[in-house]
Amino acid sequence: MSARDDDVALDDDARELLAAMREETAMPPDLHDRVWARLEEAVSPAVVVPASPWRRVAIVGVAAAAAILLVAGLWDRQAATATKGETARDQAAYGREGALEPAEATAGERSDSGAPRDQAIAPQPSATPGATNAGSVGGDAPGVTNERAGSEHAAREHDEASTAATPARATKPRAAREPGGDATPASTLAQEIAAIEKIRAALLADAPDRALDHVRAHARRFPDGALVQEREALRAVALCATGDGGAKAKADAFIAAHPQSPLVSKVRAACADLAAAEDESP
Amino acid sequence: VSDLHDRARAPTPPADDPPTTLADLYARYAGFVYRVARRLGVADSAVEDVMHEVFLVVHRRLPEYDGRAAMSTWLFHLTRGVVSNHRRSRAREARRLSLVDADRPSVPDPEALTRRQRAAEFVRSFMQTLDDDQRLVFELAEIDGLSVPEIAEIAGVGLNTAYSRLRLARKRFQRAVHELRAGDRRGAR
């Protein structure tokens with residue numbers, strides 16, 4: 001039993017009414033299935049929710065170590081290949097492939113931390129090629145590159161290899177991130193949400209000055225963002241929390257500018273508390 | 001009946017272990033996102049697109065979710081952002097078109113539905129008597145089944161404030177139910 005259940009217990013009638021409300025407002029099963037079907041078409045559902053920060057750190061560490069080992073291995077192979085008199089183009093190709101890995105380690109961290117190899121599974125996995133092949137990188141890549149070593153088309157085919165064969169590392173994370181390239185409006189929105197969250201967190205931590213810093217940062221970064229209204233409401237709340245002289249005016253301005261906003265009551269409440277505190281003070 | 005009773009006690013109990021895949025996350029939170037979207041005013045005809053967009057954004061941003069905030073909090077704010085964008089485009093669209101919101105089809109048992117609708121209408125009317133702050137807390141707790149710490153995060157208030165608001169709202173709801181019952185008894189005589 002949670003603490004809230006200790007406070008005011010609802011009787012059976014009340015619970016039944018609430019159950020009816022939940023039934024009435026529940027998501028229709030056909031809609032549930034339709035949305036999921038569309039999602040399956042649009043993305044690979046095998047993407048895994050990242051674990052706790054500590055686990056992420058561990059995964060990043062492992063990914064970094066793997067990247068270093070891979071680079072070292074490729075370097076060795078490169079040297080060995082060079083001594084065997086491979087073509088200069090092959091060397092360039094190996095160098096390029098090796099140089100990619102550390103950078104991809106970051107991508108690997110994002111996706112691999114999200115998709116640990118042993119649990120990259122989803123109830124309805126759509127096309128997620130390579131999802132379980134990540135562990136074979138070290139084994140596949142050399143074979144592929146050796147095959148191409150004597151080829152007349154080494155450079156071009158190496159490019160293909162780095163997207164088709166090595167790829168368990170090089171392409172899968174990229175594929176997982178593709179829909180969310182940083183330039184998309186959705187990703188900008190999520191960044192904006194994160195920025196708003198910082199303001200909220202600072203207010204929750206009773207640090208209105210810090211909240212105002214975050215408000216200013218948000219204003220600089222998202223001058224015409226989707227959450228400007230929210231930001232301005234939080235600015236008013238933070239100003240009221242600091243007891244700033246212009247707080248009331250700012251709150252009034254917000255209320256006047258957004259009279260229909262659901263945030264009005266919040267702003268009003270925050271500044272009413274301040275006014276009440278001022279009244280009570282001697 | 002027992003299933004209904006279970007749901008009455010535990011609407012959507014948040015599991016202790018975090019969701020591991022998008023499918024898992026969708027299975028657990030689709031209903032929550034749906035309710036939040038509807039509560040924010042998204043029409044029947046648009047809710048599918050909004051939900052699709054929400055979970056696409058979830059998919060894209062999952063790597064950035066670090067677990068410091070509750071998943072429900074993250075989803076709530078994200079849904080609100082998507083709904084906000086949707087409203088803007090909807091407003092533009094509405095200038096050109098007159099949109100009709102189709103009612104949900106699916107009526108298996110007219111008698112049960114009527115009873116359920118009446119009950120839901122009672123709860124809905126009750127919630128309209130609450131102020132915004134209490135309503136948010138009450139909805140998230142009693143309809144969505146979130147824990148008070150999660151609600152406090154979403155509402156941007158301290159834990160004590162959230163508990164206090166919920167306690168007051170529940171008291172008022174219980175009182176309203178008593179009055180409803182008393183009215184039924186009077187009507188039966």
Side-chain angles (χ1 to χ4, degrees), chain A residues 2-4 7-8 10-11 13-28 31-32 34-36 38-39 42-43 45-53 56 110-111 113-114 119 121-124 179-180 186-187 189-190 192-194 196-197 200 203-204 226-227 262 265 269, chain B residues 4 7-9 11 18-23 25-26 30-31 34-35 38 47-48 51-52 55-57 59-69 77-78 81-82 84-85 104 106 116-117 119-120 122-124 131-133 141-143 147-148 156 158 163 166-167 170-171 173-174 177 181:
Chain A
S2 68
R4 68 183 165 88
D7 288 331
V8 178
L10 296 175
D11 65 19
D13 286 349
R15 287 180 182 283
E16 272 182 32
L17 286 163
L18 289 170
M21 179 67 173
R22 281 193 290 274
E23 290 276 319
E24 187 64 15
T25 57
M27 184 178 187
L31 175 63
H32 185 280
R34 273 204 312 276
V35 174
W36 177 250
R38 287 176 63 185
L39 281 168
V43 303
V47 170
V48 177
V49 176
S52 69
R56 287 189 74 173
R110 293 182 66 178
S111 177
S113 71
Q119 50 171 296
I121 20 85
Q124 300 106 317
S187 73
L189 174 64
E192 198 180 344
I193 290 170
I196 290 288
E197 278 305 298
R200 286 182 184 284
L203 284 170
L204 273 176
L227 303 174
S265 61
Chain B
L4 185 70
R7 275 200 296 268
R9 295 200 170 277
T20 52
T21 62
L22 183 65
L25 205 147
Y26 182 81
Y34 171 79
R35 281 196 178 105
R38 292 308 305 267
V47 74
E48 179 177 331
M51 289 203 59
H52 183 241
F55 280 96
L56 278 182
V57 176
H59 171 74
R60 290 168 192 152
R61 310 313 293 180
L62 271 180
E64 291 175 10
Y65 175 71
D66 58 12
R68 276 180 290 192
H77 291 302
L78 204 144
V82 170
S84 170
N85 279 353
R104 188 188 305 172
S106 82
R116 191 178 81 185
Q117 278 180 330
F122 170 79
V123 177
R124 210 173 275 126
D131 65 36
D132 292 349
D133 292 334
E142 303 301 347
I143 309 300
S147 69
V148 176
Y163 273 119
L166 179 58
R167 194 170 49 241
R170 293 181 101 184
K171 266 185 184 168
F173 182 61
Q174 188 61 71
V177 173
R181 213 155 34 200

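Atom set for the values below is all heavy atoms of this structure, side chains included, hydrogens, waters and symmetry mates excluded. All of these numbers come straight from a predicted model, not from anything done at the bench. Convention: sequence-line order gives letters A, B, ...; per-chain numbering from 1.
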Novice: Show the nearest heavy-atom pair for residues Val177(B) and Leu17(A), with the distance to one decimal.
Specialist: CG2-CD1, 3.7 Å

Novice: Can you name the salt bridge (Lys or Arg N to Asp or Glu O under 4.0 Å) partners of Arg124(B), sequence neighbours left out?
Specialist: Glu121(B)

Novice: Provide the closest heavy-atom pair for Met21(A) versus Ile143(B) in the form atom of the first, atom of the second, distance.
Specialist: CG-CD1, 3.5 Å

Novice: Among residues at least two apart in sequence or on other chains, which ones pass ring pair (Phe, Tyr, Trp, His ring centres under 6.0 Å) with His52(B)?
Specialist: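 None.
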
Novice: Which pair of heavy atoms, one from Ala20(A) and one from Ala120(B), lies closest together, and at what distance?
Specialist: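 For Ala20(A) and Ala120(B), the tightest heavy-atom pair comes out as O-CB, 4.3 Å.
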
Novice: Of all heavy-atom pairs between Tyr34(B) and Thr25(A), which one has the smallest distance, and what is that distance?
Specialist: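 Reported closest heavy-atom pair: CE2-O, 3.3 Å.
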
Novice: If I take atom NE2 from residue His32(A) and atom OH from residue Tyr26(B), how far apart are they, to the nearest 0.5 angstrom?
Specialist: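 Answer rounded to 0.5 Å: 4.5 Å.
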
Novice: If you measure from CD on Glu48(B) to CE on Met27(A), what distance do you get to the nearest 0.5 Å?
Specialist: 8.0 Å

Novice: For residues Arg116(B) and Glu24(A), report the shortest heavy-atom separation together with the two atoms involved.
Specialist: NE-OE1, 2.9 Å

Novice: With the side chain counted from C-beta on, respond yes when Leu10(A) and Glu142(B) share a heavy-atom pair under 4.5 Å apart, and no when they do not.
Specialist: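 Answer yes - side chains close enough.
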
Novice: Please confirm whether the backbone N or O of Asp11(A) pairs with a side-chain atom of Gln174(B), one donor and one acceptor, at under 3.5 Å?
Specialist: yes

Novice: Is Phe173(B) close to chain A through its backbone or its side chain, or both, or neither, when contacts mean heavy atoms under 4.5 Å?
Specialist: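 Contact with chain A involves the side chain of Phe173(B) alone.
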
Novice: Kindly give the heavy-atom pair with the smallest separation between Val47(B) and Leu31(A), and that separation in Å.
Specialist: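 In terms of heavy atoms, the two residues are closest at CG1-CD2, 3.7 Å.
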
Novice: Is there a side-chain contact between Asp13(A) and Arg181(B) in this structure, where contact means two heavy atoms from C-beta onward sitting under 4.5 Å apart?
Specialist: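 In short, these two side chains touch, coming nearer than 4.5 Å.
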
